[in-house]
Amino acid sequence: MDKFTVHNGLVLPLDRANVDTDAIIPKQFLKSIKRSGFGPNLFDAWRYLDEGQPDKPNAGRPLNPDFIMNKPQYRGATILIARENFGCGSSREHAPWALHDYGFRAVIAPSYADIFFNNCYQNGMVPIVLKASEVDQLFHDAAAFPGFKLVIDLGEQAVAYPDGSKRFRFEIDAFRKFCLLNGLDDIGLTLRHADKIKAFEELRRAEQPWLF
Amino acid sequence: MTAQTLYDKLWQSHTVHMEDDGTTMLYIDRHLVHEVTSPQAYEGLKLAGRKLWRTGSVVATADHNTPTDHWDLGIQDPIARTQVEQLDTNIKEFGAKVYFPFRHENQGIVHVIGPENGVTLPGMTVVCGDSHTSTHGAFACLAHGIGTSEVEHVLATQTLLSKKMKNMRVDIEGAIPRGVTAKDLALAVIGKIGTAGGAGYAIEFSGSAVRALSMEGRMTLCNMSIEAGARAGMVAVDETTIQYLKGRTYAPKGEQWGRAVDYWRTLVSDAGAVFDRTVTVNAGEVEPQVTWGTSPEMVLSIEDRVPDPDKEKDAVRREGMERALVYMGLKPNTPISQIMIDKVFIGSCTNSRIEDLRAAAAVVRGKRKAANVVLAMVVPGSGPVKVQAEKEGLHKIFIDAGFEWREPGCSMCLAMNADRLQPGERCASTSNRNFEGRQGTGGRTHLVSPEMAAAAGIAGHFVDVRQWR
């Protein structure tokens, strides 16, 4: 997994609530057996005017000029801001894969759907929760200042304006933070406790043999 | 000892290890696997040279991508076929307790086959790379969806890293009126608390109306808890639970059955257990529900009219409503009962069990599909559901009414196979999500109960099934 320490990036303001995982990556792309290559189809139905297919090249497809991601000033954005309940719907990890593959390293929103929130951490991407008023401020400033950037410092648990004029703190579980800062893979960490899992399993097998 | 909720008990009994910040290693009893969210997980195992921790925990089937007609031709879509074949290969290499591949007589939607075969048992932790895993909570399981990295984690370690959620009780009291179903109760709860209302919570559904539901009804209710934002929904064990499980293929037998039942009866919230939030619904006041927008919380009763965004004060919500109305091609104040439909879909992990098909068949018996309905399809949840329905002659009733009788699978709930809406088409659907493009790019979905979907197929528009003759 990629390490995440400090990230300075361009902000894409997606001013919508309840952005669901079907919107982030439509189902036809879930037929892939790979983890990568979803970026060109991120927000496919909003981003293009025609229907995308997994076996259809994306170059040359007509773009929806009204969709914010297609505006030239947001090209290269790496931080997505959105409204509440971002990532609701299905458990597809293809949603964070698509965001990450496109280039996003962090999402900032007032709240997330639980499964999407967990899935982000598995991919070196930080889902940051800020207060609704703070997210409002970010939307306002992203609209007011072309090229609006933010600096995310995971160690400090802070989202700051590059000129230092504003700074918002965010919470993150200590374990998740540790894994992200060090780029650690959960499975390796868990298997350090293999003996404990085995002992637990044996007890369970004795008490509830019908489960095995 | 302090009084515990059902969720507290399930959590505690599966805790293997806890980090200082509360991150907990939970033991996983049952891992349901399907073709769409597992290939990258198996690939990860192979790349790292890791083994499957416990083969006996895995129950697998192909459901999302499989066609629902012309099974003799196999899977025509080469990309879908590759994915299904990859599952065959992975199960062959890594093993499973049970595998129902494409065209097996027991194949079906993963959330239908688990309970049907008794591989979902009370007191289990059940995970699957699918958000509707909450369905299994109907059996007093801690059951929820996980992402593919977590699928790999469970395959490799038999555990899941998780943080404890808060407890919410949704208490549904009173007699359920005729024509109102578990689906309507679920949609009414979502309408009440919103699509993010349950985020961060595990929901326990309780109350006399829930007790009165069959296991099929309870599965429908728990299935939809994710649409209220709650990863897990659950119902305590009672006689209905135990009677359903008795004699199922993989349910315990003989001496073990007695021991299991004794334990299962403890899987209820203790008197005096504390919930962080309680929501109360009067079942008697719930009317048949129909969604009008692009989120399951955009739901109304059949007697209502499409809402007017001008009356919404919150700007973000208003814009959401306006966007939904444009997408859905609806005008404010239109009576729901005047919305004409093009297609009907009866199926999905929400509503494809035998009870759902019986209820829909009772509505269409002796009638004909409306001329404006171009397709009405019935997709049973599994092979055994299909066989049972055919034994009862339900397929004849549907076919005589002009409905199509298909092979089992997820089908048009998420439209990964050929079953989908064309742009602009409007569907009365028994599935669980009405998101933009969910049932096909540009398709318009209205979520309803099987009875309501069936009645809409006959009338050509939504009708109040309580007045159905």
Side-chain angles (χ1 to χ4, degrees), chain A residues 15-18 20-23 26-28 30-35 45-46 51-52 54-55 83-85 88-94 96-97 111-116 118-119 121-123 173-176 185-191 193-194 196-197 200-201 204 207-212, chain B residues 16-17 19-23 25 27 29 36-37 39-40 43 48 50 54 56 65 77 79-80 82-83 86 121 123-124 129-131 144-150 152-153 156-159 161 163 195-196 199-200 229 231 252 256 260 263 295 316-317 320 414-416 433 435-438 441:
Chain A
D15 199 355
R16 297 189 189 203
N18 300 317
D20 61 74
T21 52
D22 277 89
K27 70 267 165 188
Q28 61 267 35
L30 273 54
K31 292 175 190 170
S32 168
I33 57 173
K34 299 193 188 118
R35 272 176 199 262
W46 292 344
E51 187 179 357
D55 51 357
R83 300 289 182 176
E84 67 266 20
N85 200 29
C88 62
S90 89
S91 65
R92 61 187 71 163
E93 196 163 319
H94 311 68
W97 291 339
S111 61
Y112 297 85
D114 293 336
I115 303 176
F116 174 85
N118 276 339
N119 283 342
Y121 289 117
Q122 313 288 343
N123 296 284
D173 289 339
F175 180 76
R176 293 295 187 198
D185 143 40
D186 282 355
I187 296 177
L189 289 174
T190 297
L191 286 174
H193 299 285
K196 219 167 165 176
I197 302 170
F200 184 94
E201 192 165 59
R204 200 156 176 75
E207 284 174 354
Q208 296 184 56
W210 56 86
L211 295 177
F212 289 83
Chain B
V16 177
H17 173 80
E19 301 285 342
D20 293 339
D21 72 346
T23 301
M25 200 180 284
Y27 186 78
D29 296 309
V36 175
T37 55
Q40 298 87 350
E43 188 194 22
R50 288 178 174 132
R54 182 160 71 82
N65 251 324
D77 174 350
I79 306 176
T82 301
Q83 199 172 49
Q86 188 62 53
L121 295 170
M124 277 183 164
D130 188 281
S131 61
H144 61 76
I146 55 176
T148 297
S149 297
E150 292 175 322
E152 185 180 340
H153 191 279
T157 72
Q158 212 55 48
T159 65
L161 297 177
K163 286 276 276 215
T195 188
R231 275 201 293 172
Q256 283 197 11
Y263 169 63
S295 163
V316 174
R317 282 182 70 90
L414 86 166
M416 276 192 77
R433 289 192 177 128
F435 298 153
E436 287 183 25
R438 171 78 179 181
T441 306

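Side-chain atoms are counted along with the backbone in the values below, which use heavy atoms only and exclude waters and symmetry mates. Computed from a prediction, not measured in an experiment: that's the story for all the values here.
Two residues are said to be in side-chain contact when any heavy atoms from C-beta on lie closer than 4.5 Å; B/E152 and A/I187 meet this criterion. Contact annotation: the side chain of B/R231 approaches that of A/N118 to within less than 4.5 Å [non-hydrogen atoms, C-beta and beyond].
Taking CG of A/L189 as the start and NE2 of B/H153 as the end, the distance is 8.0 Å to the nearest 0.5 Å. In this structure, A/Y121 OH and B/E150 CD are separated by 12.0 Å, a value rounded to the nearest 0.5 Å. With rounding to the nearest 0.5 angstrom, the NE2 atom of A/H94 is 7.0 Å from the OG1 atom of B/T37. Note: B/R54 CZ to A/I197 CD1 = 12.0 Å, rounded to the nearest 0.5 Å. Between A/I33 atom CD1 and B/Q86 atom CD the span is 4.5 Å, to the nearest 0.5 Å.
For chain A, the nearby part of B/R433 is the side chain; its heavy atoms alone come within less than 4.5 Å. Residue contact with chain A, scored on non-hydrogen atoms closer than 4.5 Å, involves the backbone and the side chain of B/A415 alike. For a residue to count as touching a neighbouring chain, one of its non-hydrogen atoms must lie under 4.5 Å from one of that chain's; by this rule B/V16 touches chain A with backbone and side chain alike. At a 4.5 Å heavy-atom cutoff, the contact between A/K34 and chain B is made by backbone atoms alone. For a residue to count as touching a neighbouring chain, one of its non-hydrogen atoms must lie under 4.5 Å from one of that chain's; by this rule B/Q83 touches chain A with backbone and side chain alike. If you measure heavy-atom distances from B/T195 to chain A, the contacts under 4.5 Å come from both the backbone and the side chain. Heavy atoms closer than 4.5 Å to chain B are found in both the backbone and the side chain of A/R35. Residue B/D77 touches chain A through its side chain alone, counting heavy-atom pairs closer than 4.5 Å. Contacts of A/N18 with chain B are made by side-chain atoms alone, with heavy-atom separations under 4.5 Å and no backbone atom involved. Within the 4.5 angstrom heavy-atom criterion, atoms from both the backbone and the side chain of B/M416 approach chain A. Both the backbone and the side chain of B/Q40 come within contact range of chain A, judged by heavy atoms closer than 4.5 Å. Contacts of B/Q256 with chain A are made by both backbone and side-chain atoms, with heavy-atom separations under 4.5 Å. When heavy atoms are compared at a cutoff of 4.5 Å, A/F175 approaches chain B by way of both its backbone and its side chain. With a threshold of 4.5 angstrom between heavy atoms, B/R317 does not approach chain A through any atom at all. If you measure heavy-atom distances from B/T23 to chain A, the contacts under 4.5 Å come from the side chain alone. When heavy atoms are compared at a cutoff of 4.5 Å, B/I146 approaches chain A solely by way of its backbone atoms N, CA, C and O. For a residue to count as touching a neighbouring chain, one of its non-hydrogen atoms must lie under 4.5 Å from one of that chain's; by this rule A/N119 touches chain B with the side chain only. Within the 4.5 angstrom heavy-atom criterion, atoms from both the backbone and the side chain of A/A174 approach chain B.
Look at A/R204 and B/D29 and you find a salt bridge, because one of the NZ, NE, NH1 or NH2 atoms lies within 4.0 Å of a carboxylate O, short of that distance.
Of the listed residues A/N85, A/T190, A/L211, the one with more heavy-atom pairs under 4.5 angstrom with chain B than any other is A/T190. Between chain B and the residues A/K196, A/K27, A/Q122, the most heavy-atom pairs under 4.5 angstrom are made by A/K27. Per-residue heavy-atom pair counts under 4.5 Å with chain B were compared for A/P26, A/G89, A/G188, A/A113, and the maximum is reached by A/G89.
Residues passing the side-chain hydrogen bond (donor to acceptor under 3.5 Å, both in side chains) test with A/D114, sequence neighbours excluded: none.
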Report task. Evaluate the salt bridge (charged side-chain N to carboxylate O under 4.0 Å, His left out) criterion for residues B/R438 and A/D20: first the C-alpha distance (whole Å), next the side-chain angles of each, then the deciding distance (0.1 Å), finally the verdict. Result -> CA-CA 10 Å; B/R438 171 78 179 181; A/D20 61 74; over 6 Å; no
